[in-house]
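This report refers to the structure that appears directly beneath it.
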Amino acid sequence: MMLIPTHHFRDIERKPEYLQPEKCVPPPYPGPVGTMWFIRDGCGIACAIVTWFLVLYAEFVVLFVMLIPSRDYVYSIINGTVFNLLAFLALASHCRAMLTDPGAVPKGNATKEFIESLQLKPGQVVYKCPKCCSIKPDRAHHCSVCKRCIRKMDHHCPWVNNCVGENNQKYFVLFTMYIALISLHALIMVGFHFLHCFEEDWTKCSSFSPPTTVILLILLCFEGLLFLIFTSVMFGTQVHSICTDETGIEQLKKEERRWAKKTKWMNMKAVFGHPFSLGWASPFATPDQGKADPYQYVV
């Protein structure tokens, strides 16, 4: 039989009959179908709260420091509408990325009965995760925070308190894109507001005192610049990962490619849905990924 290299994240079981069923049983109280996915991780929850706080802080400064006190009502209405729409889409994308099952493999299914039901052919092997007692599909990896194996896991992101995987990568990409856009928009408005305040009386360009206005604008400028750089880099990284059909973990570990190579356009449609539509930009549109059987456990 041809030997297959052992990966340090995976246990290769060539003889399913030697599995011990008593050590790999499903959880005693499985959640009902359709249960909302949420990771109870203190660090992730704190990061998610900070994310919302920073977006709401930007909302406060944009509305109450720059737009509402402005005498140019057309400027205020247009920029207020655009900024609030982008902020709403960013937070909606964040919620979908955080509350969507990223592609978790059923926990505790590495039992003798289940492996026998796969009807393995001679020479075929299955991958067993010793941490969550699951039979891992190809390209799945175990997340120590989620405590589950995740299909096409890219990475675990504390800012969305979830893994980025097969089922929620679209929402994570949209989240990074909309955060980058509102950061850029906020920076542009801060620049115009500073120019306006330098030309006019500082006491008339804001409802707050000049020192308070300057502090609020500088903090917003720092926040916007920081998140513009961070989310732009993350957005580009994710798009590159999608186009090459290679997750962040696979790139980092330089795993041997064992899956079919597709065009960049087909890879994009596999994540954002078939066919191309405005739904690609909507966090409320669940993509029809047209993916194959998710339970391809054998190689």
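The first residue of the sequence shown is numbered 1, and numbering continues consecutively from there. Atom set for the values below is all heavy atoms of this structure, side chains included, hydrogens, waters and symmetry mates excluded.
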Which of parallel (below 30°), tilted (30 to 60°) and perpendicular (above 60°) describes His155 and Phe172? perpendicular
Taking all atoms of both residues into account, what is the closest heavy-atom pair of Val105 and Ile135, and its distance? CG1-O, 3.4 Å
Any side-chain to backbone donor/acceptor pair from Glu250 onto Thr247? Under 3.5 Å, distance only. yes
Rounded to the nearest 0.5 Å, what separation is found between the CD atom of Gln238 and the SG atom of Cys157? 9.0 Å
Answer yes when Glu166 and Arg151 have at least one side-chain N-carboxylate O distance shorter than 4.0 Å, and no when they do not. yes
Okay, side chain of Asp154, backbone of Gly248: is any donor-acceptor separation there less than 3.5 Å? yes
So, do Phe272 and Ile242 sit near enough that their side-chain heavy atoms are less than 4.5 Å apart? yes
Applying a strict under-4.5 Å side-chain criterion to I, L, V, M, F, W and Y, I'd like to know whether Ile179 and Val82 cluster together. yes
What class does the angle between the rings of Phe60 and Phe208 fall in, given that below 30° is parallel, 30 to 60° is tilted and above 60° is perpendicular? perpendicular
So, Trp37 and Asn162: side-chain donor and acceptor under 3.5 Å apart, yes or no? yes
Report yes if some heavy atom in the side chain of Ile45 is under 4.5 Å from a heavy atom in the side chain of Phe38; otherwise report no. yes
Between Thr286 and Arg96, a side-chain donor and acceptor under 3.5 Å: yes
side-chain contact (heavy atoms from CB on, under 4.5 Å) between Leu181 and His185, intermediate numbers included: CA-CA 6 Å; Leu181 289 176; His185 191 195; over 6 Å; no
Identify the heavy atoms of Leu228 and Ala180 that sit nearest to each other, and give their distance. CD1-O, 3.4 Å
Check whether any side-chain N or O of Asn84 sits under 3.5 Å from a backbone N or O of Thr81 as a donor-acceptor pair, and report yes or no. no
Indicate the atoms forming the closest heavy-atom contact of Ile150 with Ala104, along with that distance. CD1-CA, 3.9 Å
Side chain of Ser277, backbone of Gly279: donor and acceptor closer than 3.5 Å? yes
Do the side chains of Thr263 and Asn267 get nearer than 4.5 Å, heavy atoms only? no
Nearest heavy-atom pair of Pro102 and Asn168: which atoms, and what distance? CB-OD1, 3.6 Å
Grab the two heavy atoms, one from Ala87 and one from Ile182, that are nearest each other, plus how far apart they are. N-CG2, 3.6 Å
Approximate separation, where rounding is to 0.5 Å, of Ser70 OG and His193 NE2: 8.0 Å
Contact between Lys264 and His240 at the side-chain level, heavy atoms closer than 4.5 Å - yes or no? no
Would His142 and Cys132 count as a side-chain contact (heavy atoms from CB on, under 4.5 Å) here? Give the steps. CA-CA 8 Å; His142 184 87; Cys132 62; 3.6 Å; yes
If Ile, Leu, Val, Met, Phe, Trp and Tyr residues are connected whenever their side-chain heavy atoms lie under 4.5 Å apart, and connections chain through other members, are Val61 and Phe64 in the same group? yes
Rounded to the nearest 0.5 Å, how far does CZ of Arg71 lie from NE2 of His196? 7.0 Å
Carboxylate-amine/guanidinium proximity below 4.0 Å for Asp245 and Arg139: yes
Would a distance-only check, ignoring hydrogens and angles, find a side-chain to backbone donor-acceptor pair under 3.5 Å from Tyr57 to Leu216? yes
One pair to check against side-chain contact (heavy atoms from CB on, under 4.5 Å): Cys146 and His156. What are the steps and the verdict? CA-CA 8 Å; Cys146 296; His156 184 91; 3.6 Å; yes
Is the number of heavy atoms from other residues, nucleotides or ligands within 6.0 Å of CZ (Phe88) greater than 12? no
Answer yes or no: is there a side-chain heavy-atom contact under 4.5 Å between Val164 and Met153? no
Shared hydrophobic cluster, Leu86 / Leu56 (ILVMFWY, side-chain heavy atoms < 4.5 Å): no
Short side-chain to backbone donor-acceptor contact, Ser134 and Lys136, under 3.5 Å: no
Working note: Lys152 + Asn167, criterion side-chain contact (heavy atoms from CB on, under 4.5 Å); need CA distance, chi angles, decisive distance, verdict. CA-CA 9 Å; Lys152 290 185 68 175; Asn167 295 340; over 6 Å; no
Check whether any side-chain heavy atom of Val65 sits under 4.5 Å from a side-chain heavy atom of Thr213, and report yes or no. yes
Indicate yes or no: at least one non-hydrogen side-chain atom of Phe227 is less than 4.5 angstrom from one of Ser183. yes
Distance in Å, Ser241 OG paired with Gln251 CD, rounded so as to fall on 0.5 Å steps: 5.0 Å
Per ring pair (Phe, Tyr, Trp, His ring centres under 6.0 Å), His94 is matched among Tyr171, Tyr178, Phe175 by Phe175
Got a second to check how far Leu217's CG is from Met66's CE, nearest 0.5 Å? 6.0 Å
ILVMFWY network linking Tyr75 to Ile68, side-chain heavy atoms under 4.5 angstrom: yes
Test item: Lys170 side-chain N/O and Ala285 main-chain N/O as donor-acceptor pair under 3.5 Å: yes
In short, Thr176 meets Thr231 closest at the heavy-atom pair O-CB, 3.5 Å
Please answer: with hydrophobic residues joined when any side-chain heavy atoms are less than 4.5 Å apart, are Trp159 and Ile249 in the same cluster? no
With sequence neighbours excluded, residues passing side-chain hydrogen bond (donor to acceptor under 3.5 Å, both in side chains) with Ser282: none
Are Leu67 and Met189 close enough that some pair of their side-chain heavy atoms sits under 4.5 Å apart? yes
Are more than 12 heavy atoms from other residues, nucleotides or ligands located less than 6.0 Å from atom CG of Leu278? no
Under 6.0 Å from the OH atom of Tyr73, do we count more than 12 heavy atoms belonging to anything else shown? no
Arg148 side chain vs Cys143 backbone, donor-acceptor pair below 3.5 Å: no
Once you round to the nearest 0.5 Å, how far does CZ of Phe194 lie from SG of Cys221? 7.0 Å
